[in-house]
Structure formats: C-alpha cells, structure tokens
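Here is how names work: the chains are called A, B, and so on, in the same order as the sequence lines, proteins then strands, and each is numbered from 1.
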Amino acid sequence: MPERALAAQEPGYRHEDPPLPHLWNGEGEAGSESEGGSRPEGGHLFRVADSDVHASALPPHQRPPHEPRAWRRGAGAGRRHRAVHRGRALRPTQGEGRGIGAGLTVDERAARLQRLGELREGRLPLYGNRFRPTHSIPDVIRDFGPRTSEELEKADGSLKIAGRVLTLRSFGKAIFAHLLGGGAKLQVYFRRDAMGEQGFAQTRWLDTGDWVGAEGRLFRTRTGELTLAVESFQILTKCLRPMPEKWHGLADVELRYRQRYLDLIVNPEVRRMVEVRQKVLAGIRRFLTDRGYVEVETPLMQPLAGGASARPFVTHHNTLDMRLFLRIAPELYLKRLVAGGLERVFEIGRNFRNEGISTRHNPEFTMLEFYQSFATYEDLMDLTEALIGEVAKESVGGHRVTFGEGELDLTPPWPRLTLAESLVRVGGLPEENVGDPDRLQRLAVERGLKLDALEGTGGPGALQMALFEELVEPKLVRPTFITRYPIEVSPLARRNDEDPSVVDRFELFIAGQEIANAFSELNDPIDQRRRFEEQVRHRREEEREWAAVDEDFLTALEIGMPPAAGEGIGIDRLVMLLTGSASIRDVILFPLLRPPKVDAT
RNA sequence: GAGGCUGUAGCUCAGUCGGUAGAGCAUCUGCCUUUUAAGCAGGUGGCCGCGAGUUCGAUUCUCGCCAGCCUCACCA
C-alpha cells in the first residue's frame, strides 16, 4: 500500500516497520509482588481486605462492587495485585454503541473502569491538566535521536514528555512501553529500582491507550533504541476501551471511517494525510494571495442551486419559510463579485451534490474556485502548472508521487491537447471520423456506449464527450490539459472566437481523473440568458423541478463582468493524488456513511 | 438505482461437504529488572449481521432485509 510506504518515512515510525502498523503489545502489567503472594487453586485470593474476601466468596458474576482502600495505606500496603479485583472485573457491562468496546460481557472496559475508580480513590490527579511536557515526542527524536549513549549519559537534567501508551511489555519489576505523541513514538522504561516502590506501584493502573506524562532521562537500550528511563509519571487520562490489535491494527474500513479517532492512533497514514491536506490548503492560499487574489466566502445555503449540473440537497429555513439548497458550486456568486470589481477572488469550501457515492465521489467535497479578471483559460493553464507544482513540493516534497503500483511525475510543463486531438492521438480514432457526427454515432454504438448520452442534446459535441470519457480519459495518467470542449457541455464558458461550436475551456486530467476545470468566462448576458433557458428546459424535462434561471446573476452580467477566466480544482482528488489514496474516503476524515444500526436495548 | 463480493470473540482472521465453533493478539490469573509482534503457564470471552423458509437439526443450504467494499449509472 502506498500509504504504508509514506508512513514508513516518518521519523517516529522508523524502526523496522512491519507491513502493518506495529502497535500494541503487551502483557498487562501484572503488578508483581502481590500482597497475598501465591494464590490457592482456582485463582481466588484470600489474603486481601475484608470486603474482598467477602466478595470472593461469591461466584464471579454475583460479587458486589466494593471500594478498595489499599491505596491509602501507603506504598507497602498498597502493593495489591489486580487479582484482588478479579471478581469485579468479570462484571458484565451493557453494550454501548458499536465498534471497539461495545457489547462486551466479561469486559475489558469494566477492568479499566475499575482501575479508574482506584485511581480516584487514591486521589491521584486523574484528568488533571497541570502536567507540562518540556518536549514533544517529535522534539525528543529530533534533538536527541542523533546522540550516542555517551552523549546522552553526560547530558544533565531530566525531561518531561506526554503521550498515549501504545504497547506495554511487563517483566514484573520493569516495564517497557511505547508512547505515541505528535505522531511519533518513543519508548519509555519503568524500572522499580529507579522509580522506588511507591512510584513503580502506580504502573499497575496503567493500560494501553492511557495518556501519560512521564519525567526521566534519556538513554539507549542494548539494541540502541532511544528510550526514556522514567523517574516519575502520572496517568493523565484513562482509556476505557480496548485498543485495536497491536499487529494488524484496525483494518476494517468501515470501523476506520466510523471511529476515525482509533484509525488515527493506529494507522499512521491517516495523520500523514491530514498533514498533507493541511499543507495543500495552506500552500494554495499562500500561492493565490501572493498573486493578489482575495479569499472570500459565499453562501452555502442558496435559494437557487446553480453553477453545476448536479442535483442539490434541499433544506428549509423556518422563520423565512423558505426553501434553500446547499450549494453545488460557488461559481455564480464568485462571478457576481468579479462583476463588482473584485478582480481576483478565490474560495476554498465545501460543495454538496446529491449524487451517487463512489471511490471518487463524496456527497460533500472540497473545491477551490478562483477567478482572474483580464485573463484567459490559457493563462490559467500556466497558473495551474505552477500552483500544483508548488503545492506538491510543499506538501510531499517533490513532483514525484506514488500512484498505484508506480510513480507519477508532476513536473511541469504538461502536454496540452484539444479534445479532438486527444480522440485521435490518445483514443486512437481515425482522424477523419472526429468531425463527422454519423461516424461518431456509429463508433459510439459499436463500443456500446450509454445511449442517454448519445441522445440528450445530441450533436457531435455530446458524442465526442462520450467517446472521450470512454477512450481517452482513463489513459490520461500523466498530467494533461484537454482544451476546446463542445459548447453544449459548457453552459458557462465563453465561445471560441474562431470556432463557435467549442468553448475556451480546459480540463486537467491526472491519473485518469479530472482534477481541474477552467474556462474563459462567458460575460455576454444575452448569450448567457439563452444558454440558461436552454439548460432549464432540459432540466425540466428530466423532472428537475427546481431548475431555474438565476435572474440576479444575469443582472450582474448586465451590470458588466470584466473579461475573466475561472477555474475549479477538486481538493480531495488532489490530496488523493499526493497521498496515493485509492478512495476519496481516505482523504475525508468523516466520509458519509449510513448510520450504524442501533441495537434495541 | 443495478450487479458482484463480504459480514464468525474487543481486534485480525480460520472453519463447519448441515450435528450450536477455533487461532493469534487484547483482557483476567501466576512467573519474569534492557524488551520491542517479549516469553512461559493457566483462565474468561461468541443471538457465527438480522428475519423467514427447507430440515429431526441451520453459523453452514434457500429467500428477504441491513451494513460495508468493488464495478456500473447519476456526478466532480
């Protein structure tokens, strides 16, 4: 998997990562010297507090809860073993929700809750917020990772770190653990001789998944791993649910999407994706604002859903008693702003399209749209090469990205083909067929293309598009601009001056996917009105009763929009490309899923 | 919306040519002071997705439903 490969490059995950996440470990930390010493057969303890003896006399499932007091008795007396509480650990709890930790009977959660209760009883600062790490775990690795054992020994002063316990390997009087913090892992070493009995005794309340703060000094183990020798520590937050399996992790994609918090802990590539995505967004903002673009926000709730051909989501405002649509595109609002004299504007935001779901489609998705006055679609091709080139460098460090089995090179410049050229040169159609509707029709039928696309608006344009999508698009792996689209599929784009059957438009394809769509904007209000009315007539035939002409937008054009070019770039797909993700759900933290079935309780 | 595949312990997965189920990890118990998928020993844990049908008997066969994934359609 490419994600794994990416993740493996991270410093925190450096040491011999297995093919799957390398987590979870461990024996529970059997708390060594139990007060009761050896146990009689059957696993029940006798020499414990009175209440415990009492409880132990009952079968496990009937034992009442009790309140251990051992902690108050100080270090010596406090050295109680978990066996003491075995009875309670077996209490069933009700299933709560689904997924990890739900529906257990003999329950890990009960055991963890019990430890939580004991910590409370001991008046330890659980859920406290006064622990202040001196170093993040990535800091520690960066600053001390290169140092030798001798250098680490000479360094004076201890440091404080915080993280989540990923693995626990207990040897009775010593425990190794890995803490995860800031996306990196650091081993910590609890040793009774170094911590004192009282300090070490606290480790028996430790579970995988807990957040802990630890203070100590760095050293290297026999195997050379940088490790914090803990002098003292505290449990900051208890984890009450079982963690995913340490070796295979959380593989069930449904659980990964539904419980992204677990996915983030266990699968490093998720965090990596979040970081890449953030850099992409920041990089785009910087790139455009450096060039005089102004970032704006336009309505997500719109009385008319325009700017694209998708079906909208419908909602309702109570006080105004008004039907509203979640926007399917910001286009018509951004162009109003261009008409108002904001000569360069952009918006990065969510669009909502009430269409099918697939590996490339989520009902809500993020798009960049930008408009530049006094520019043409050709200018935007240059701009797009520079933008995506820079963003790739900033987010993943170069122009080469892993993609499927291989690698993809994004180094500009990229080839530019007209749609007709691409049909011949990429799609392999005989040249003389491309302009001939009858021959195109015949070819389309021969190849069994969908007939609804062949009807509809008809004409050679729609046929060319159908053939393009079938024959050319999947082959456009390296970045390629396709220009000169038929006018009937481009209702908002400006007509080409030489050939009125096509528009001044390009789409950018990478890895067989449409990444960007741009055109010189139509700013002739008469032509625009005619095309809108044509479009609405078609929509109504398709029983899209909400289709309507946006009169206010036409008014803006009548006020006058300067000549301009505009472009939309799908952010999710760009991030997919840069992270080598096969599904859009892997780059959206909470993709839309049906709600999980709730068991009647 | 159509087709295909999948659903078994908290997690990752076997399995049952129809006789109500196993492993590893986790959890619980005992031992273990440089481990790292730690180790050794002993336990707990399952409406086998849900419902119906066939059958003496269904987790297994059939049908329906639910959820997920993949392909296609709509769409970007």
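- Across all strands shown, B:rG53 is found opposite B:rC61 as a Watson-Crick or G-U wobble partner, with both distances under 3.5 Å.
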Show each protein N/O and nucleotides 68-71 of chain B N/O combination with a separation under 3.5 Å, one pair to a line.
unit_1: B:rG68; atom_1: OP1; unit_2: A:R594; atom_2: N; d: 2.9
unit_1: B:rG68; atom_1: OP2; unit_2: A:R594; atom_2: NH1; d: 3.3
unit_1: B:rG68; atom_1: O4'; unit_2: A:E254; atom_2: OE1; d: 3.0
unit_1: B:rC69; atom_1: OP1; unit_2: A:R585; atom_2: NE; d: 3.3
unit_1: B:rC69; atom_1: OP1; unit_2: A:R585; atom_2: NH1; d: 3.3
unit_1: B:rC70; atom_1: OP2; unit_2: A:R585; atom_2: NH1; d: 3.0
unit_1: B:rC70; atom_1: OP2; unit_2: A:R585; atom_2: NH2; d: 3.3

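- For B:rU35, the OP1/OP2 oxygens have a side-chain nitrogen or oxygen of A:R222 closer than 4.0 Å.
- Applying the Watson-Crick and G-U wobble criteria (two distances, each under 3.5 Å), B:rG10 pairs with B:rC25.
- A:G356 comes within 4.0 angstrom of a base, heavy atoms only.
- Here A:R192 does not reach the OP1 or OP2 of B:rU33: none of its side-chain N or O atoms lies under 4.0 Å away.
- Here, B:rG45 and B:rU8 have their C1' atoms 14 Å apart, quoted to the whole Å.
- Salt-bridge formation is detected for the pair A:E507/A:R505: a Lys NZ or Arg NE/NH1/NH2 atom is positioned less than 4.0 Å from an Asp or Glu carboxylate oxygen.
- Ring stacking holds between A:F176 and B:rU35, with the centres under 5.5 Å apart and the planes within 30 degrees of each other.
- Partners of A:E567 by salt bridge (charged side-chain N to carboxylate O under 4.0 Å, His left out), not counting sequence neighbours: none found.
- Of the P atoms belonging to B:rC65 and B:rC25, the separation is 41 Å, rounded to the nearest Å.
- Remark: B:rC17 base-pairs with no nucleotide in the shown strands. Criterion, Watson-Crick or G-U wobble with two distances under 3.5 Å.
- Nucleic acid contact for A:Q187: base, since at least one base atom lies under 4.0 Å from a heavy atom of the residue.
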